[in-house]
Amino acid sequence: MKHLCKISSWAIGLLAVATLVGCSKEQSELSIGDIQGKATIVGSLSYNKGQAFSNNQFSELLSPAAGVKVSIKVSNASLDPNGSAQGYTTYETTTDAEGKYSIEIPAVDNTNIIISPASFMGTRTLVVDWENNAPVMETEEVVYNINGIQATVSPGEILVKDQMYSYSPRTFVESFGEMETLKGKIGISRLYQSNTQRYWGAKAGINVRITVTYNYTETLPNGGTGDMVRLFGATTDESGNFTINIPVKAKGEALKYLEIEPVSFYETSFRHFDANGDEESLEGVYAQLNSYNYPGFYSNYTFPEFEEIENIVYAVMSFNENKDNGYGEDSMWRNITVWGTRSFE
């Protein structure tokens, strides 16, 4: 048996009380080792390795959990006469070849304990099919575990806790070993004629944020779980095109969400015509247009199965003039759904 720690907090408290009443040094230095009552915990641990088939007979592969560490956590508050001690004192033992263990711990009336057999990895074999007059067996790696068992003991008690391990399939990290090519295009609003004919143009050097939400979950910084979200980036060429490779686990899988977000930029010479038809050059900002036709947001996006299929994703940007009271959202650009020429399609 291994004794891992001593009670100190409530022993110090007892020392303070003992000093007030004039106890001797030997009486005041009370520790967990001074507790005369003892309780014994005995148990047998086993686990089920699955199925076997021999001589036309099926059987269950029950096995003793040999050589497994068993920890007994004794509540310090239960042992403290004042009930104010914190934490636990832990005792350990190991199962023998038959999966059996026995351990003695200090105890007072109704001492709270937690029995924690250690988890371990192993294999489990099950029948998954029947072919050619014989079972098809499948073996997987699993983790065998037993949740902590809470109990109370008193001096002189023998507590028996025989347990069977449960199991859970081992979770392996799946690699993102494949790549899918994402092709996109960013259009920007242009106005070149006094008759207000408008069309989409293109510009090189526009930075594009690409937010991918995979159909997987992951552990978040706060300890919870949520969608696996990753941010990527690209830059447009002179035709407004961009290309980026997105890592995936398997070819042909769908993304939960895909968002294309061109980064705003300042324009010093937007060609415009005033009410009299005279040309003027405006300054302002190009920002993403939340157009119904080109939202830049895709749900359940599936990469094309064949490389020759482009499957281009789109987003568009409109010009906002820098006015005295800030950047305006010109309705002439914001509300248009049908354009004279969509040259970038």
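The chain is numbered in sequence order, starting from 1. Please read these numbers as outputs of a predicted model, since none were measured by experiment.
Although no hydrogens or angles enter the test, the distance criterion places no donor-acceptor pair under 3.5 Å between the side chain of Glu141 and the main chain of Gly122. At distances below 3.5 Å, not a single donor-acceptor pair connects side-chain atoms of Tyr144 with backbone N or O atoms of Ala118. No donor-acceptor distance shorter than 3.5 angstrom exists from the side chain of Ser75 to the backbone of Ile113, with no hydrogens or angles considered. Under the 3.5 Å distance criterion, the side-chain polar atoms of Asn55 are left unmatched by any main-chain donor or acceptor of Gln57. Judged purely by atom type and a 3.5 angstrom limit, Lys256 has no side-chain atom pairing as donor or acceptor with the backbone of Val229. A donor-acceptor contact shorter than 3.5 Å is absent between the side chain of Thr94 and the backbone of Val68. Put simply, the side chain of Gln150 never gets that close to the backbone of Ile114: no donor and acceptor are under 3.5 Å apart. In this structure, Asn245 contributes its side chain and Met179 its backbone to no donor-acceptor pair below 3.5 Å.
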Tell me, with the steps shown, if Ile115 and Val70 meet side-chain contact (heavy atoms from CB on, under 4.5 Å).
CA-CA 7 Å; Ile115 306 169; Val70 180; 4.1 Å; yes
Could you go step by step and tell me if Glu140 and Thr123 meet the side-chain contact (heavy atoms from CB on, under 4.5 Å) rule?
CA-CA 6 Å; Glu140 64 176 345; Thr123 59; over 6 Å; no
Would Val285 and Phe265 count as a side-chain contact (heavy atoms from CB on, under 4.5 Å) if you check the C-alpha gap in whole Å, the side-chain angles of each, and the deciding distance to 0.1 Å?
CA-CA 6 Å; Val285 168; Phe265 63 91; over 6 Å; no
Please determine whether side chain to side chain donor-acceptor pair (under 3.5 Å) holds for the pair Ser166 and Asn145, giving the CA-CA distance in whole Å, both sets of side-chain angles, and the decisive distance to 0.1 Å.
CA-CA 6 Å; Ser166 60; Asn145 56 76; 3.3 Å; yes
Applying side chain to side chain donor-acceptor pair (under 3.5 Å) to Asn112 and Ser78, what does each step give before you reach the verdict?
CA-CA 6 Å; Asn112 293 320; Ser78 293; 3.2 Å; yes
Stepwise salt bridge (charged side-chain N to carboxylate O under 4.0 Å, His left out) test for Glu218 and Arg230:
CA-CA 12 Å; Glu218 64 179 353; Arg230 294 293 184 268; 3.0 Å; yes
List the steps, then state whether side-chain contact (heavy atoms from CB on, under 4.5 Å) holds for Tyr47 with Arg124.
CA-CA 10 Å; Tyr47 64 105; Arg124 185 172 170 86; over 6 Å; no
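A cation-pi arrangement, defined by a distance under 6.0 Å to the six-membered ring centre and an angle within 45 degrees of its axis, is present between Lys249 and Tyr216. With Tyr88 as the aromatic partner, Lys73 meets the cation-pi criteria of under 6.0 angstrom to the ring centre and within 45 degrees of the ring axis.
Looking at every heavy atom in both residues, Asn215 comes nearest to Leu255 through ND2-C, 3.7 Å. Counting all heavy atoms, side chain and backbone alike, Gly99 lies closest to Pro64 at N-CB, 3.8 Å. Contact between Val143 and Met121 at its shortest, heavy atoms only, is CG2-CG, 4.1 Å. The minimum heavy-atom distance linking Ala107 with Pro155 is given by the pair O-CG, 3.3 Å. The heavy-atom pair separating Asn300 from Ala254 by the smallest distance is OD1-CB, 3.5 Å. Minimum heavy-atom separation, Leu45 to Pro117: CD1-CB, 3.7 Å.
When side chains are defined from C-beta on, Ile149 counts as touching Lys161, because their heavy atoms get closer than 4.5 Å. Under the 4.5 Å side-chain criterion, counting only non-hydrogen atoms from C-beta, Leu258 is in contact with Val212. Two residues are said to be in side-chain contact when any heavy atoms from C-beta on lie closer than 4.5 Å; Pro262 and Phe242 fail this criterion. Between Tyr286 and Lys203 there is no side-chain heavy-atom pair separated by less than 4.5 Å. Residues Thr40 and Ile103 have side chains not in contact (no heavy-atom distance under 4.5 Å, counting atoms from C-beta outward). Taking 4.5 Å as the limit, every side-chain heavy atom of Val313 sits out of range of all side-chain heavy atoms of Ile210. Proximity of Gln288 to Val316: side-chain heavy atoms (C-beta onward) are nowhere separated by under 4.5 Å. Lys183 is listed as a side-chain neighbour of Thr181, based on a closest heavy-atom distance under 4.5 Å.
The OG1 atom of Thr89 sits 7.0 Å away from atom CG of Leu79, with the distance rounded to the nearest 0.5 Å. Residue Tyr101 holds its OH atom at 7.0 Å from CD1 of Ile41, rounded to the nearest 0.5 Å. Here Leu126 contributes atom CG and Leu61 contributes atom CG; the two are 9.5 Å apart, rounded to the nearest 0.5 Å. Distance check, rounded to the nearest 0.5 Å: OG of Ser154 to NZ of Lys38 gives 14.5 Å. Atom-to-atom distance recorded for Thr236:OG1 and Asn207:CG is 8.0 Å, nearest 0.5 angstrom. To the nearest 0.5 Å, atoms OH (Tyr314) and CD1 (Ile260) are separated by 12.0 Å.
Around the OH atom of Tyr257, the shell of radius 6.0 Å holds no more than 12 heavy atoms that belong to other residues, nucleotides or ligands. Other residues, nucleotides and ligands contribute at most 12 non-hydrogen atoms within 6.0 Å of the CG atom of Asn147. Counting non-hydrogen atoms of neighbouring residues, nucleotides and ligands closer than 6.0 angstrom, the CD1 atom of Ile158 reaches no more than 12 such neighbours.
Ile186 and Val263 are not part of a single hydrophobic cluster, where members link through side-chain heavy atoms under 4.5 Å apart. In this structure, Val208 is a member of the same hydrophobic cluster as Tyr301, with clusters built from ILVMFWY side-chain heavy atoms closer than 4.5 Å.
Between Tyr214 and Phe176, the distance separating the two ring centers is shorter than 6.0 angstrom.
Under the side-chain contact (heavy atoms from CB on, under 4.5 Å) rule, Ser44 has a single partner from Lys100, Glu98, Met164, which is Lys100.
Using a 3.5 Å distance cut-off with no hydrogens or angles, the side chains of Thr125 and Thr139 do pair a donor with an acceptor. When only modelled atom types and interatomic distance are considered, Asn48 and Glu60 share a side-chain donor-acceptor pair under 3.5 Å. In summary, the side chains of Tyr91 and Glu104 do not present any donor paired with an acceptor at a separation below 3.5 Å, with no hydrogens or angles considered.
Ring pair Trp130/Phe58 is tilted by interplanar angle, where 30° to 60° counts as tilted.
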